[in-house]
Amino acid sequence: MRGTNQSSVSEFLLLGLSRQPQQQQLLFVLFLSMYLATVLGNLLILLAIGVDSRLHIPMYFFLSNLSFVDICFSSTTVPKMLANYILGTQTISFSGCLTQMYFVFMFVDMDNFLLAVMAYDRFVAICLPLHYSTKMTHQLCALLVAGSWVIANLNVLLHTLLMARLSFCADNAIPHFFCDVTPLLKLSCSNTHLNEVMILTEGSLIMITPFICILASYIHITCAVLRVPSTKGKWKAFSTCGSHLAMVSLFYGTIIAVYFNPLSSHSSEKDITATVMYTVVTPMLNPFIYSLRNRDLKKALQKMMGKKTCSFF
């Protein structure tokens, strides 16, 4: 059936992760805890970087942007799911669904670009330390972040417009906790071939290019670390890189598993598990892996907490 500009479906039903009341209560507590941990952890990072002038360098500039994006990322999906549990409703309007999808994938793209930018920053710092201040200027850092926002918005706008042209004729139940691309394409009664092609081509390019940049950066970093004579220094560097690469693998692995396979090969259970990992778990873990393990940032947090405690008394 050929897609039209009008859809007979005015709203969708977000079925969530479970229909059993006991499981819903458990999931509510679990997701509320993870959301609060995400917001609190990333806010602490933003505050610590903002108040400590010693952290006003490119590395922490990118970390603060990542923390801001992760707060927004979780806030596009989890609060709506929690509100549905409290209010006992499952509905979301057609325009609301497309809006949620837009912001979810804009922040996915931003996470993607910021991970690549952070990897490049570490490459320059470790492999070209004498040129770090001349290469990683404030203008370049601002341009990298601003360019990431522009590309992310243009990319997501394309896929949102392609989704808006589809028709949804009868079934409006989405077996998910937010408006994801894959279940929406399955519900459409239009020809979704163009949408799938664009996801597998343009979408793949947007995701894979930064991933290749990350791998190239860490290959150069590894080669530089191997030349360090101290065994303790090597282990410390590899430990940090290993944590970063683990998070990168989790982020990209789940996204590739969900979006860059033919629509016929998808199952709701696997897709939901993977999306929970990159939409909820990854933003919660980022402060710990990228920031809270950092000694300078820990000192800034302790200093900030100490000042607040003194002012309270």
Side-chain angles (χ1 to χ4, degrees), residues 7 9-19 23-24 26-39 42 69-112 152-153 155-157 159-164 166 168 171-188 192 195 199 203 207 250-251 254-260 263 266-286:
S7 171
V9 171
S10 60
E11 63 182 19
F12 293 99
L13 297 177
L14 295 174
L15 301 182
L17 300 176
S18 175
R19 300 183 186 181
Q23 289 185 355
Q24 286 183 346
L26 178 61
L27 288 170
F28 177 85
V29 173
L30 179 62
F31 275 79
L32 176 60
S33 302
M34 289 193 293
Y35 179 66
L36 292 176
T38 300
V39 174
N42 285 290
V69 167
D70 282 341
I71 291 173
C72 297
F73 191 8
S74 292
S75 298
T76 58
T77 57
V78 179
K80 173 62 177 175
M81 182 183 66
L82 297 177
N84 286 350
Y85 283 140
I86 294 174
L87 300 175
T89 182
Q90 298 176 315
T91 60
I92 183 171
S93 66
F94 183 80
S95 58
C97 189
L98 290 184
T99 301
Q100 186 185 54
M101 186 190 77
Y102 181 95
F103 283 105
V104 166
F105 292 103
M106 181 184 68
F107 293 127
V108 168
D109 285 352
M110 281 305 301
D111 259 350
N112 176 36
N153 276 278
N155 173 58
V156 179
L157 180 62
H159 293 283
T160 304
L161 291 175
L162 287 175
M163 184 67 70
L166 300 179
F168 299 87
D171 189 6
N172 68 338
I174 300 176
H176 218 309
F177 65 97
F178 72 96
C179 290
D180 199 2
V181 170
T182 302
L184 281 173
L185 290 178
K186 287 183 177 180
L187 289 179
S188 176
T192 61
N195 298 66
I199 290 172
M207 295 303 299
L250 176 63
F251 178 77
T254 52
I255 288 179
I256 290 171
V258 173
Y259 301 110
F260 300 114
L263 202 60
H266 288 262
S267 67
S268 298
E269 294 78 11
K270 291 181 179 179
D271 286 354
I272 290 175
T273 302
T275 50
V276 167
M277 293 300 294
Y278 80 81
T279 59
V280 182
V281 177
T282 301
M284 181 184 68
L285 293 179
N286 273 345

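What's counted below: heavy atoms across the whole structure, side chains too, no hydrogens, waters or symmetry copies.
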*Would you say Ile92 and Gln100 make side-chain contact, with heavy atoms under 4.5 Å?*
yes
Going by the angle between their ring planes, with limits at 30° and 60°, are Phe73 and Phe107 parallel, tilted or perpendicular? tilted
Contacts of Ser95 meeting side chain to side chain contact (heavy atoms under 4.5 Å, CB included) (sequence neighbours excluded), chain-then-number -> Ser93
Leu26 meets the side chain to side chain contact (heavy atoms under 4.5 Å, CB included) criterion, sequence neighbours left out, with none
Rounded to the nearest 0.5 angstrom, the CG-CE distance for Asn155 and Met207 is 9.5 Å
Separation between CE (Met34) and CZ (Phe31), nearest 0.5 Å, reads 4.5 Å
With sequence neighbours left out, the residues meeting side chain to side chain donor-acceptor pair (under 3.5 Å) with Asn153 are Tyr102
Sequence neighbours excluded, the answer for side chain to side chain contact (heavy atoms under 4.5 Å, CB included) partners of Ser74 is Tyr35, Thr38, Pro283
With a 4.5 Å cut-off on side-chain heavy atoms, are Cys97 and Ile174 touching? yes
Result for side chain to side chain contact (heavy atoms under 4.5 Å, CB included) between Phe177 and one of Leu15, Leu17, Leu14 points to Leu17
| said: Please verify the inter-ring angle class for Phe105 with Phe178; under 30° counts as parallel, over 60° as perpendicular, anything in between as tilted. | reply: tilted
dist Leu184:CG -> Asn172:CG (nearest 0.5 Å) comes out at 11.0 Å
>> Counting only heavy atoms from other residues, nucleotides and ligands, does the tally under 6.0 Å from CZ of Phe103 exceed 12?
In response: no
Ala37 meets the side chain to side chain contact (heavy atoms under 4.5 Å, CB included) criterion, sequence neighbours left out, with Met284
Tested for side chain to side chain contact (heavy atoms under 4.5 Å, CB included) against Asp70, the lone hit among Leu285, Asp111, Thr282 is Asp111
Taken to the nearest 0.5 Å, the spacing of Met163 CE from Phe168 CZ works out to 5.5 Å
Rounded to the nearest 0.5 angstrom, the OG1-CG distance for Thr182 and Asn195 is 11.0 Å
Got a list of side-chain donor-acceptor pairs under 3.5 Å for residues 79-90, not counting sequence neighbours?
residue : atom : partner : partner atom : Å
Lys80   : NZ   : Thr91   : O            : 3.2
Thr89   : OG1  : Thr91   : N            : 3.4
Thr89   : OG1  : Thr91   : OG1          : 3.3

*Side-chain contact, heavy-atom cut-off 4.5 Å: Leu185 with Ile199?*
yes
One should read off an interatomic distance between Met101 CE and Thr99 OG1, to the nearest 0.5 angstrom, of 9.5 Å
